[in-house]
Each structure stands twice: as C-alpha cells, then as structure tokens.
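Starting from 1, each residue takes its place in the sequence as its number.
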Amino acid sequence: MIRTPGDPHHEVVVARTTSTIDYLAELLRSRLKATNSPFRSQPPGRVAVLVLAMLRHDQRLLDPAGGNGVPESTLRRCRDEMIDLLAARAPRLDRALRKTAARGGEVVLIDGTLIPTQRRTGAANRPNYSGKHHRHGLHFLALTDERGRLMWISAARPGRTHDATATRHDKIVEHLKAAGLGALADLGFIDVDKPKNPDDQVIVTGYKATRTRKLTSGQKQANQVLAAGRPSNTASRT
C-alpha cells in the first residue's frame with residue numbers, strides 16, 4: 001500500500017503480485033547495470049511498486065510523489081524508463097504469429113478493448129472519449145490464442161478509435177495471411193477482410209441484423225458457433 005500521510009484521498013492500493021514486482025525490478029536492475037549507473041535514490045523494487053501504483057490508478061505524478069517523499073521529476077523519469085523497458089520486451093506482431101503457427105496453431109482471437117483513463121481538460125483529450133463506452137480511455141487491439149492467452153497487444157490509440165480502423169492500420173489481415181493463420185472476431189470487425197474470393201477470408205466474423213434485414217436461422221446458428229469459439233470478454237483478459 002502506498003499512501004500520502006494524513007490524506008486518505010491519495011491512498012493507493014496495489015495488488016502486490018510478487019512475480020510482477022520482481023520482474024519489473026529485475027528489468028530495472030539490468031538496465032542500471034548495462035548503463036553503469038547502479039545508484040538510484042529509490043531501490044528497483046520500490047520503483048516498481050510506485051510505477052505500478054501510478055499506472056494502475058492513472059494517478060497524477062504529484063499524488064504518489066508527495067506522499068512517498070519522491071520528487072515529481074524522479075517519479076516521471078522512473079515511469080517513462082519503466083514503460084520503455086516494458087515496450088522493448090513486447091513481441092512484434094509478425095513474430096508472435098509465426099510462433100503461434102510453429103506451435104501448430106491455426107486460429108487466433110482478435111478483439112479491441114478500452115483502458116479507462118481520467119477525464120482531463122483540453123482539446124487534446126477529446127479524441128480519447130469513446131462514444132461506445134461513454135467514457136475516456138485509450139484503445140488497444142489484442143490478439144490471443146484459442147484459450148484467450150495474450151499473444152500481442154497494439155500501441156495505444158485514442159479512445160474513439162474503431163476496432164476496424166485499428167485493424168487496418170496495423171495490417172492485421174496481411175500479417176495473418178503471411179503466417180498462414182485465421183482469426184475469429186466480433187461484429188466490430190465486419191468488412192475489415194473483404195477478399196474477392198470468400199475462401200481467402202482470414203478474419204471470420206458473425207452476421208449482423210439490420211432494420212431491413214433479419215438474420216436467417218442459418219446465420220443465427222453461425223453466430224452461436226462463432227461465439228462458442230471465442231472466450232467471452234477476450235480483450236478484458238489481457
């Protein structure tokens with residue numbers, strides 16, 4: 001638990017998963033050793049806890065810095081450094097797909113998710129408002145294996161970004177074809193993959209009813225089969 005003494009409004013509770021904290025701390029220790037700068041005002045384990053708390057609760061730097069006797073500038077540097085270290089460890093999309101194919105996988109699951117953030121003032125934050133979720137946040141695409149285990153996650157985009165737009169930008173279809181994999185997706189990905197030959201489609205979605213066109217019994221059954229093949233709330237598992 002990290003708190004500002006005497007001020008319960010700045011109290012922060014972090015799920016202290018030892019393996020997560022140890023992993024982040026070891027990343028920082030390796031970085032310090034590689035750059036020949038072993039001295040820091042805060043030990044790596046403490047930095048890991050502070051950064052996790054700040055990111056988990058989307059806190060202002062001033063809150064955890066003041067309550068823990070750490071200069072705001074130091075905490076900003078620690079946060080940015082930790083994010084860079086984690087980003088460097090993230091798998092590339094093409095490599096993640098090739099690894100899945102090499103293990104004998106045939107299908108991946110793709111979904112979009114919104115990571116909520118605080119509502120901040122200014123025009124720069126307006127694109128972060130998601131009309132779908134009715135709140136501010138950052139949009140991510142996530143790819144998982146058939147069991148819903150995370151394989152790859154995209155860079156952050158404004159919360160208003162549509163799943164289909166993000167998929168096209170990251171060239172997911174092209175990467176899937178190169179790896180020889182298919183993908184199951186929800187209705188938010190309709191029309192992302194529209195090959196001339198239907199047999200060449202790699203992103204499979206369900207059917208969507210409209211006011212003028214109802215689903216046939218076969219289409220409803222296809223939707224049920226697809227839903228059964230996708231673990232519920234795939235992206236939220238990430």
Side-chain angles (χ1 to χ4, degrees), residues 15 17-27 30 52 82-115 138-157 161-208 215-238:
T17 304
T18 303
S19 58
T20 301
I21 295 174
D22 289 346
Y23 177 75
L24 295 178
E26 185 57 35
L27 285 180
S30 298
L52 282 174
M82 195 67 75
I83 289 176
D84 288 342
L85 289 173
L86 288 172
R89 302 283 295 182
R92 283 177 33 177
L93 176 57
D94 55 348
R95 293 175 181 172
L97 293 176
R98 286 201 302 267
K99 185 177 181 180
T100 298
R103 290 200 305 260
E106 297 180 351
V107 176
V108 300
L109 311 179
I110 181 172
D111 205 352
T113 188
L114 184 81
I115 304 299
L138 296 175
H139 178 275
F140 294 85
L141 279 181
L143 291 183
T144 71
D145 62 16
E146 297 95 328
R147 297 184 179 182
R149 294 176 297 191
L150 183 64
M151 298 165 41
W152 173 85
I153 193 165
S154 71
R157 293 189 174 89
T161 305
H162 194 279
D163 291 343
T165 301
T167 302
R168 294 188 184 99
H169 184 275
D170 285 331
K171 301 185 184 302
I172 301 295
V173 173
E174 290 81 355
H175 283 289
L176 287 170
K177 289 182 178 179
L181 296 173
L184 303 181
D186 60 27
L187 298 180
F189 295 82
I190 287 180
D191 294 335
V192 170
D193 184 17
K194 297 173 62 177
K196 294 181 179 179
N197 184 352
D199 292 337
D200 295 332
Q201 187 170 356
V202 296
I203 296 183
V204 179
T205 64
Y207 297 93
K208 186 176 183 179
L215 297 182
T216 66
S217 59
Q219 290 172 334
K220 291 179 180 178
Q221 186 176 5
N223 283 353
Q224 292 173 354
V225 172
L226 180 62
R230 300 181 69 252
S232 59
N233 299 323
T234 298
S236 67
R237 295 188 177 195
T238 62

(message) If you define the side chain from C-beta out and look only at heavy atoms, does anything of Val192 sit under 4.5 Å from Asp163?
(response) no
(request) Looking only at non-hydrogen atoms, find the nearest pair between Ala96 and Trp152 and report the distance. (result)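 Smallest heavy-atom distance, with atoms named: CB-CB, 4.3 Å.
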Separation between [atom1] of [X] and [atom2] of [Y], rounded to the nearest 0.5 Å:
| X | Y | atom1 | atom2 | answer |
| --- | --- | --- | --- | --- |
| His162 | Arg168 | NE2 | CZ | 8.5 Å |
| Arg149 | Thr100 | CZ | OG1 | 9.5 Å |
| Thr205 | Ile190 | OG1 | CD1 | 4.5 Å |
| Leu52 | Thr20 | CG | OG1 | 7.0 Å |
| Lys99 | Asp94 | NZ | CG | 13.5 Å |
| Leu176 | Ile203 | CG | CD1 | 5.5 Å |

(request) Examine distances only and state if a side-chain atom of Asp186 and a backbone atom of Gly188 form a donor-acceptor pair shorter than 3.5 Å. (result) yes
(request) Say whether, by atom type as modelled, one donor and one acceptor occur between the side chain of Thr165 and the main chain of Thr161 under 3.5 angstrom. (result) no
(message) With side chain to side chain contact (heavy atoms under 4.5 Å, CB included) as the criterion, how do Leu86 and Tyr23 come out once you've worked through the C-alpha distance, each side chain's angles and the decisive distance to 0.1 Å?
(response) CA-CA 10 Å; Leu86 288 172; Tyr23 177 75; 4.1 Å; yes
(message) Can you tell me if Arg89 has over 12 outside heavy atoms packed within less than 6.0 Å of its CZ?
(response)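 Counting other residues, nucleotides and ligands, CZ of Arg89 stays at 12 neighbours or fewer.
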(request) Could you tell me whether Asp145 and Arg147 have a side-chain N and a carboxylate O separated by less than 4.0 Å? (result)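 Salt bridge absent between Asp145 and Arg147.
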(request) Could you pull out all residues at least two apart from Asp193 that satisfy side chain to side chain donor-acceptor pair (under 3.5 Å)? (result)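 Asp193 satisfies side chain to side chain donor-acceptor pair (under 3.5 Å) with no residue once adjacent residues are dropped.
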